[in-house]
Amino acid sequence: MAPYIGTMAEFDPEKDEFEVYIARMKLFFTANTVSEAKKASVFLTLVGGRTYSVLRDLLHPEDPGEQSFDVLAARLLEQYAPKRNKIAERFKFHRCKQLPDQTVSAYVAQLKKCASTCDYGTFLEESLRDKLIEGLKEATLQRELLKKSDVTFKTAVEFALAFELTVKTSDEMQGLNVVKSTGSDAINAVSSSKITKANNRNVTRKRGPSDPESKQPKPCFRCNGRNHNAATCRFKNYKCNSCGKTGHLGKACRNKVQAVDAKEESSHMELYHINSVGCSPYVVNVQLNGKQVEMQVDTGAGVSIISSKKYNKLFKEPLKPAQCLLSTYSNSVLEVLGKVAMDVVHAGKRLKLNIFVVRGDGPTLLGRDWLKQLKLDWTAVYRINSLDDILTMPLCLMVALRWTLGPLVILQAVASSTEPWH
């Protein structure tokens with residue numbers, strides 16, 4: 001007798017679905033050309049002792065060996081796969097959603113399995129299509145499918161599979177680009193999390209002259225930068241916020257007495273004093289904490305500042321620490337003593353604005369931070385009556401007008417003039 005093709009394990013009601021088991025058994029009969037007369041005997045032999053005992057109880061007093069395969073299968077289907085409640089099965093179907101780590105093909109298989117017990121009949125394809133789109137985890141894919149008016153379940157599945165493959169391929173390409181651009185540094189970054197700091201120090205000591213990292217310029221001891229040397233560092237006259245000495249930043253301090261707030265030195269504001277171009281300054285009178293102060297309008301200054309000499313003369317309020325670094329267009333660093341919130345009144349508008357106090361004596365600047373809030377009346381600063389006024393307008397004011405009011409403000413101002421121009 002020739003051996004059977006394939007094998008059939010015993011039926012386990014705790015793990016197997018009986019409908020699937022019976023379907024596989026029928027395939028086994030076909031593959032091995034089992035005659036109709038022998039199907040019942042082969043089935044009872046392969047199904048296992050536990051299921052055979054159940055059949056004996058179900059068929060008592062009849063003998064299972066005297067029944068046909070179809071009768072045996074029908075009785076076991078009643079036992080292990082009773083008719084399900086249609087409403088409950090459809091409820092389960094409508095709760096199906098694609099899991100975060102589930103592929104589209106696996107989600108489609110899950111939907112078909114749930115729908116098989118819902119008895120949708122001719123509406124099966126529509127129900128599968130609607131649920132497929134509704135349960136997708138990718139919102140972008142959902143939107144693309146909802147744009148299509150004639151989509152079917154088949155075309156929706158095909159589009160979803162193509163979309164998933166495109167995203168996967170793109171992610172793989174991005175991953176390759178990252179590896180190519182970072183080289184061994186990316187690998188070192190990953191592996192460095194798995195070794196101790198002591199090992200890191202040992203690896204650093206072992207690097208030779210051929211190591212690319214050993215060829216990098218040494219960092220500047222004043223600011224830790226690598227694109228210059230200490231002799232040309234623009235922070236060489238800066239006072240350290242950590243140790244109080246002049247010549248370096250707190251983040252580069254080798255004698256730290258306390259932790260330095262990184263935000264303080266990473267927030268760098270440059271002051272390009274607009275009046276340095278050679279025109280007379282334009283000033284406005286602003287009330288600060290009840291006192292009139294003349295301030296120069298300066299669109300080149302990112303923040304508004306007042307000198308320590310003038311501040312000590314007019315005000316007594318204590319200063320708060322300033323979380324910024326100020327430097328001029330020539331890279332000269334201004335020593336910021338602190339900041340203070342002022343009650344600012346101008347043109348009927350009252351605001352609470354911060355002003356920075358810098359060491360020394362100099363003009364009080366109304367920078368861009370205050371310009372955005374105060375909305376100055378530029379006609380009071382400089383009256384435009386004709387085209388000649390524009391042509392003779394100082395560059396500093398031209399810049400201020402363009403920055404504050406936009407490039408069309410000058411044309412609008414001239415258009416409203418009583419003197420026509422061409």
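Just so it is clear, the values below take in all heavy atoms, side chains as well, and ignore hydrogens, waters and symmetry mates.
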Is a donor on one side and an acceptor on the other found under 3.5 Å between the side chain of [X] and the backbone of [Y]?
| X | Y | result |
| --- | --- | --- |
| Gln296 | Leu366 | no |
| Thr364 | Met295 | no |
| Arg90 | Cys118 | yes |
| Asp63 | Gly65 | yes |
| Thr51 | Gly48 | no |
| His346 | Gln287 | no |
| Asp12 | Glu14 | yes |
| Arg75 | Leu58 | yes |
| Asn224 | Pro219 | no |

Does Met8 form a side chain to side chain contact (heavy atoms under 4.5 Å, CB included) with Met25? I'd like the steps, not just the answer. CA-CA 7 Å; Met8 283 294 297; Met25 184 64 71; 3.8 Å; yes
Nearest 0.5 Å please: distance from the [atom1] atom of [X] over to the [atom2] atom of [Y].
| X | Y | atom1 | atom2 | result |
| --- | --- | --- | --- | --- |
| Ile5 | Leu27 | CD1 | CG | 12.5 Å |
| Asp130 | Glu126 | CG | CD | 7.0 Å |
| Ile133 | Glu144 | CD1 | CD | 12.0 Å |
| Leu77 | Leu72 | CG | CG | 11.0 Å |
| Ile305 | Asp369 | CD1 | CG | 10.5 Å |
| Arg143 | Lys147 | CZ | NZ | 8.0 Å |

Are [X] and [Y] side-chain neighbours, meaning at least one heavy-atom pair lies under 4.5 Å?
| X | Y | answer |
| --- | --- | --- |
| Thr30 | Lys26 | no |
| Phe11 | Pro13 | yes |
| Val47 | Glu10 | no |
| Thr7 | Phe28 | no |
| Val357 | Lys339 | no |
| Leu44 | Ser41 | no |
| Lys148 | Phe159 | yes |
| Leu353 | Ser304 | no |

Is it true that the side chains of Gln98 and Gln110 contain a donor and an acceptor less than 3.5 Å apart? no
Pair Thr166-Thr169, side-chain donor/acceptor within less than 3.5 Å: no
Taking all heavy atoms of [X] and all of [Y], pick out the closest pair and write down the distance.
| X | Y | result |
| --- | --- | --- |
| Glu164 | Thr103 | OE2-CA, 3.3 Å |
| Cys223 | Cys233 | SG-SG, 3.8 Å |
| Leu111 | Cys96 | CD2-CB, 3.7 Å |
| Ala322 | Val336 | CB-CG1, 3.5 Å |
| Tyr52 | Pro64 | CE1-CB, 4.1 Å |
| Gln102 | Lys137 | O-NZ, 3.4 Å |

Is [X] salt-bridged to [Y], going by a charged N under 4.0 Å from an acidic O?
| X | Y | value |
| --- | --- | --- |
| Lys97 | Glu134 | yes |
| Arg350 | Asp343 | no |
| Glu17 | Lys113 | yes |

Check this for me: Lys15, atom NZ, are more than 12 non-hydrogen atoms of other residues, nucleotides or ligands nearer than 6.0 Å? no
Ring-ring centroid check Tyr80 Tyr21, cutoff 6.0 Å: no
Are the aromatic ring centres of Phe29 and Phe43 under 6.0 angstrom apart? no
Test: Lys131 cationic atom under 6.0 Å from Phe93 six-membered ring centre, within 45° of axis: no
Using the rule side-chain contact (heavy atoms from CB on, under 4.5 Å), only one of Val284, Leu365, Leu374 pairs with Val297; which is it? Val284
Taking salt bridge (charged side-chain N to carboxylate O under 4.0 Å, His left out) as the test, write out the residues that go with [X], two or more places apart.
| X | result |
| --- | --- |
| Arg359 | Glu335 |
| Lys86 | Asp119 |
| Lys309 | Asp361 |

Ile306/Phe356 under side chain to side chain contact (heavy atoms under 4.5 Å, CB included): CA gap, chis, key distance, verdict: CA-CA 6 Å; Ile306 185 172; Phe356 292 82; over 6 Å; no
For Leu314 and Leu288: C-alpha separation, side-chain torsions, deciding distance, then whether side chain to side chain contact (heavy atoms under 4.5 Å, CB included) applies. CA-CA 10 Å; Leu314 298 176; Leu288 305 181; over 6 Å; no
Between Tyr120 and Leu128, does a side chain to side chain contact (heavy atoms under 4.5 Å, CB included) hold up when you go through it step by step? CA-CA 10 Å; Tyr120 280 118; Leu128 285 170; over 6 Å; no
In terms of the angle between their ring planes, are Phe315 and Tyr311 parallel, tilted or perpendicular, with boundaries placed at 30° and 60°? tilted
